[in-house]
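Hydrogens, waters and symmetry mates are skipped; everything else that's a heavy atom, side chains included, is used.
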Amino acid sequence: MLIKSITRHAVALMALVAAGAAPAAAQTDFPTQPVTMVVPFAAGGSTDLVARIVAQRMSQELGQQVLVDNRGGAGGMLGATAVAQAQPDGYTILMGTIATHALSASLYANPPFDPVADFAPVAWLVTVPNVLTVNPQFPAQNVEELIALLKEKPGEYAYASSGNGTPLHLSGELFKSMAGVDIIHVPYQGSGPALVDVIGGAVPISFDNLPSSTEPIRSGQLRALAVTTKERAPNFPDIPTMEEAGVPGYETNSWNALFAPAGTPPEAIARLNEAANKAIQDPEVQKRLAEVGAQIVGSTPEELGEHVKTEVERWRPVVEASGARIE
């Protein structure tokens, strides 16, 4: 279903680009100054990686610099809240994720923003698999051995994630529930800091987005046990899915999309959407994203808006079943 969805969006995107994008985009002077793209996680993570690749190409399209601003904390909520409260003029945008715009509505008892009402959707960029990894010195060589070890020593091991309320946190909690194991969650302010500790051996296990773990896996700094999607990642065909590895029915993934504060002028949204879609259609950008396992999507603002509504409802029962809750 994911591949069909991506294909449909890709066809729509090519039609949009071929038509020269929205007429409003050609009639506005926006932007006349640099645009700040807030990444709600620390540098070095998957969202930061996608943001920097896309921002560089968007800068060329817009004729103004798109500056990446990392504002990590609270599982992405601090940065996302800052954008929701920013001046709605198009000059502050968010590299949103499933954490900020799908999971937050169910995970938080009192969410600081409404992912639908407080944002203007711009463009859905990519989807990415998550991956379960361990430090190379950790004794488990596969998921089956990991589960056996965790059951043998309940509560003695921990897993790192990019923060409370992130899809990586949920991936870990879902694994705990479906595998029937007891493992401690250690949240960080992004994938970058989490990976440092897993590679260094401070925390033995990690749930991460595949893009940020790609190089450590290739260099042998991490051992990948499984990807969390239903299908194997094209750039790592030898890594089994979690279902193949012994956890039937397990599936999670992540995505990245651009959002502006609610009330941002339609002309600015149209211009940003045009630049974002053209950026991810650039062959060099596509190559760099594919190398880290990100799958290109592309969308209109309206399509992203519907996607967010669907994701909020899709993940609600998963969050509830996992037992994860942030007060």
A.B. asks: Do the ring centers of His101 and Trp255 come within less than 6.0 Å of each other?
C.D. replies: no
A.B. asks: Work out which heavy atom in Gly90 is nearest to a heavy atom in Leu272; give both atom names and the distance.
C.D. replies: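 So the two residues come closest at O-CD1, 3.8 Å.
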A.B. asks: Which pair of non-hydrogen atoms, one from Pro88 and one from Pro265, has the smallest distance, and what is that distance?
C.D. replies: O-CD, 3.2 Å
A.B. asks: Quick one about Gln64 and Tyr91 (side-chain donor to acceptor, distance below 3.5 Å, no hydrogens or angles considered), yes or no?
C.D. replies: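 Result is no, nothing qualifies.
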A.B. asks: What I'd like to find out is whether the side chain of Ser213 reaches to under 4.5 Å of the side chain of Leu195, using heavy atoms alone.
C.D. replies: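 Side chain of Ser213 against side chain of Leu195, heavy atoms only: contact under 4.5 Å found.
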A.B. asks: To the closest 0.5 Å, what do you measure between CD (Glu320) and CG (Leu107)?
C.D. replies: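 Reported value, rounded in 0.5 Å steps: 10.0 Å.
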A.B. asks: How far does CD1 of Ile184 sit from NZ of Lys176, to the nearest 0.5 angstrom?
C.D. replies: 8.5 Å
A.B. asks: Look only at the side chain of Gln189 and the backbone of Gly163, and say whether a donor-acceptor pair between them is shorter than 3.5 Å.
C.D. replies: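 Side chain of Gln189 to backbone of Gly163: no pair is present.
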A.B. asks: Is there a path of hydrophobic side-chain contacts, each under 4.5 Å between heavy atoms of I/L/V/M/F/W/Y residues, joining Phe259 to Val297?
C.D. replies: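 Yes, because Val297 and Phe259 connect within a single hydrophobic cluster, where side-chain heavy atoms sit under 4.5 Å apart.
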A.B. asks: Does one side chain, of Asn253 or Thr229, offer a donor that lies under 3.5 Å from an acceptor on the other?
C.D. replies: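 Thr229 and Asn253 do not have a side-chain donor-acceptor pair below 3.5 Å.
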A.B. asks: Check whether any side-chain N or O of Asn209 sits under 3.5 Å from a backbone N or O of Ser212 as a donor-acceptor pair, and report yes or no.
C.D. replies: no
A.B. asks: So, using ring-ring contact (aromatic ring centres under 6.0 Å, His included) as the criterion, who are the partners of Phe175 when residues are at least two apart?
C.D. replies: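 With neighbours one apart ignored, the set is Phe207.
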A.B. asks: Please determine which of Leu222, Thr133, Leu149 meets the side-chain contact (heavy atoms from CB on, under 4.5 Å) test together with Phe138.
C.D. replies: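 In the set Leu222, Thr133, Leu149, the residue that makes a side-chain contact (heavy atoms from CB on, under 4.5 Å) with Phe138 is Leu149.
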A.B. asks: Measure the spacing between CD of Gln221 and CD1 of Ile199 and express it to the nearest 0.5 Å.
C.D. replies: 4.5 Å
A.B. asks: Does Val131 form a side chain to side chain contact (heavy atoms under 4.5 Å, CB included) with Thr228? I'd like the steps, not just the answer.
C.D. replies: CA-CA 6 Å; Val131 61; Thr228 65; over 6 Å; no
A.B. asks: Yes or no on side chain to side chain contact (heavy atoms under 4.5 Å, CB included) for Thr47 and Arg52, after CA distance, side-chain angles and deciding distance?
C.D. replies: CA-CA 9 Å; Thr47 301; Arg52 292 180 187 279; over 6 Å; no
A.B. asks: Can you check whether Ser106's main-chain N or O pairs, donor with acceptor, with Arg316's side chain at less than 3.5 Å?
C.D. replies: no
A.B. asks: Where the side chain of Thr100 meets the backbone of Gly96, is there a donor-acceptor pair that is under 3.5 Å apart?
C.D. replies: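 Looks like no, no N/O pair under 3.5 Å.
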A.B. asks: Going by ring-ring contact (aromatic ring centres under 6.0 Å, His included), name the residues that satisfy it together with Phe236, two or more places apart in sequence or in a different chain.
C.D. replies: none
A.B. asks: Might you point out which heavy atoms bring Gly220 and Pro136 nearest each other, and give the distance in Å?
C.D. replies: O-CG, 3.2 Å
A.B. asks: Donor-acceptor pair, Arg223 side chain versus Val134 backbone, under 3.5 Å?
C.D. replies: no
A.B. asks: Which atom names give the shortest non-hydrogen contact between Ala179 and Ile147, and what distance separates them?
C.D. replies: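 Of all heavy-atom pairs spanning Ala179 and Ile147, the closest is CB-CD1, 3.9 Å.
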A.B. asks: Are Trp315 and Met178 connected in a single hydrophobic cluster, I mean Ile/Leu/Val/Met/Phe/Trp/Tyr linked by side-chain heavy atoms less than 4.5 Å apart?
C.D. replies: yes
A.B. asks: Test Tyr250 against Glu244 for side-chain hydrogen bond (donor to acceptor under 3.5 Å, both in side chains), laying out the working first.
C.D. replies: CA-CA 10 Å; Tyr250 186 104; Glu244 291 172 333; over 6 Å; no
A.B. asks: Please check if the side chain of Lys309 supplies one atom and the backbone of Val116 the other of a donor-acceptor pair under 3.5 Å.
C.D. replies: no
A.B. asks: Any side-chain donor paired with an acceptor under 3.5 Å for Arg288 and Gln56?
C.D. replies: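 Result is yes, a qualifying pair exists.
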A.B. asks: Could you check if a side-chain atom of Val126 sits within less than 4.5 angstrom of a side-chain atom of Val50, using non-hydrogen atoms only?
C.D. replies: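 Touching, per the 4.5 Å side-chain cut-off.
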A.B. asks: Heavy-atom distance under 4.5 Å between the side chains of Leu210 and Ser46, does that happen here?
C.D. replies: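 SC-SC contact between Leu210 and Ser46 ruled out.
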A.B. asks: Would a 4.5 Å heavy-atom cut-off, applied to side chains only, mark Ile98 and Pro167 as touching?
C.D. replies: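 Yes, side chains in contact.
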A.B. asks: Could you tell me whether a side-chain N or O of Asp118 sits under 3.5 Å from a main-chain N or O of Gln85, the two making a donor and an acceptor?
C.D. replies: no
A.B. asks: How many angstroms lie between CD in Gln295 and CD1 in Ile280, if you round to the nearest 0.5 Å?
C.D. replies: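 The distance works out to 12.5 Å.
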A.B. asks: Hey, are the side chains of Tyr159 and Pro204 touching, using non-hydrogen atoms and a 4.5 Å cut-off?
C.D. replies: no
A.B. asks: Assess the side chains of Thr36 and Asp69: does a donor N or O sit below 3.5 Å from an acceptor N or O?
C.D. replies: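 No, Asp69 and Thr36 have no side-chain donor paired with an acceptor closer than 3.5 Å.
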A.B. asks: Measure the spacing between CG of Asn142 and CG of Leu225 and express it to the nearest 0.5 Å.
C.D. replies: 7.0 Å
A.B. asks: Mark yes when over 12 heavy atoms from residues, nucleotides or ligands other than Gln60 sit less than 6.0 Å from its CD; otherwise mark no.
C.D. replies: yes
A.B. asks: Are His185 and Ser161 close enough that a side-chain donor and a side-chain acceptor fall under 3.5 Å?
C.D. replies: yes
A.B. asks: Any side-chain donor paired with an acceptor under 3.5 Å for Asp208 and Asn130?
C.D. replies: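 No, no side-chain donor-acceptor pair sits under 3.5 Å.
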A.B. asks: Go through the steps to decide whether Lys278 and Glu274 satisfy the test salt bridge (Lys or Arg N to Asp or Glu O under 4.0 Å), and finish with yes or no.
C.D. replies: CA-CA 6 Å; Lys278 285 187 175 180; Glu274 176 188 18; 3.3 Å; yes
A.B. asks: Does the side chain of Leu103 reach to within under 4.5 Å of the side chain of Thr166, using non-hydrogen atoms?
C.D. replies: no
A.B. asks: Of the non-hydrogen atoms in Ala42 and Asp48, which two are nearest, and what is the gap between them?
C.D. replies: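 Looks like O-CB, 4.0 Å.
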A.B. asks: Are Leu49 and Met58 connected in the hydrophobic side-chain network, where two residues link if heavy atoms are under 4.5 Å apart?
C.D. replies: yes
A.B. asks: Does a side chain donor of either Thr241 or Glu243 reach within less than 3.5 Å of an acceptor in the other side chain?
C.D. replies: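 Side chains of Thr241 and Glu243: no pair found under 3.5 Å.
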A.B. asks: Is the shortest heavy-atom distance from the side chain of Leu132 to the side chain of Met242 under 4.5 Å?
C.D. replies: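 Yes, close enough: below the 4.5 Å cut-off.
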A.B. asks: Can you see whether Thr252 engages Ser171 through a side-chain donor-acceptor pair at a distance of less than 3.5 angstrom?
C.D. replies: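 Yes, a side-chain donor-acceptor pair sits under 3.5 Å.
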A.B. asks: Indicate if Leu170 and Val247 have the same hydrophobic cluster label, given that clusters are the connected sets of ILVMFWY residues with side-chain heavy-atom separations under 4.5 angstrom.
C.D. replies: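 Yes, because Leu170 and Val247 connect within a single hydrophobic cluster, where side-chain heavy atoms sit under 4.5 Å apart.
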A.B. asks: Given the rule that I, L, V, M, F, W and Y join up when any side-chain heavy atoms are under 4.5 Å apart, are Leu78 and Leu168 in one cluster?
C.D. replies: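 Cluster IDs for Leu78 and Leu168 differ.
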A.B. asks: Going through the distances and angles, do Gln281 and Ile296 end up as a side chain to side chain contact (heavy atoms under 4.5 Å, CB included)?
C.D. replies: CA-CA 8 Å; Gln281 286 302 304; Ile296 300 293; 4.0 Å; yes
A.B. asks: Are Arg57 and Glu61 close enough, and set up right, to give a salt bridge (Lys or Arg N to Asp or Glu O under 4.0 Å), and what steps lead you there?
C.D. replies: CA-CA 7 Å; Arg57 189 65 181 82; Glu61 291 293 334; 3.1 Å; yes
A.B. asks: How close do Pro115 and Ala105 get, heavy atom to heavy atom, and via which atoms?
C.D. replies: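 Looks like CG-CB, 4.4 Å.
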A.B. asks: Using the side-chain contact (heavy atoms from CB on, under 4.5 Å) definition, which of the options Leu258, Thr264, Asn277, Leu94 pairs with Val122?
C.D. replies: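 Looking at Leu258, Thr264, Asn277, Leu94, the match for Val122 under the side-chain contact (heavy atoms from CB on, under 4.5 Å) is Leu258.
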A.B. asks: Side chain to side chain contact (heavy atoms under 4.5 Å, CB included) for Leu304 and Val308? Distances and angles first, verdict last.
C.D. replies: CA-CA 6 Å; Leu304 174 57; Val308 169; 4.1 Å; yes
A.B. asks: Answer whether the closest heavy-atom distance between the side chains of Asp197 and Tyr188 falls below 4.5 Å.
C.D. replies: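 In short, these two side chains touch, coming nearer than 4.5 Å.
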A.B. asks: Ignoring hydrogens and geometry, is there a side-chain-to-backbone donor-acceptor pair from Glu145 to Gln141 under 3.5 Å?
C.D. replies: yes
A.B. asks: Enter the distance from Glu302:CD to Thr300:OG1 here, rounded to the nearest 0.5 Å.
C.D. replies: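 So the CD of Glu302 and the OG1 of Thr300 are separated by 4.5 Å.
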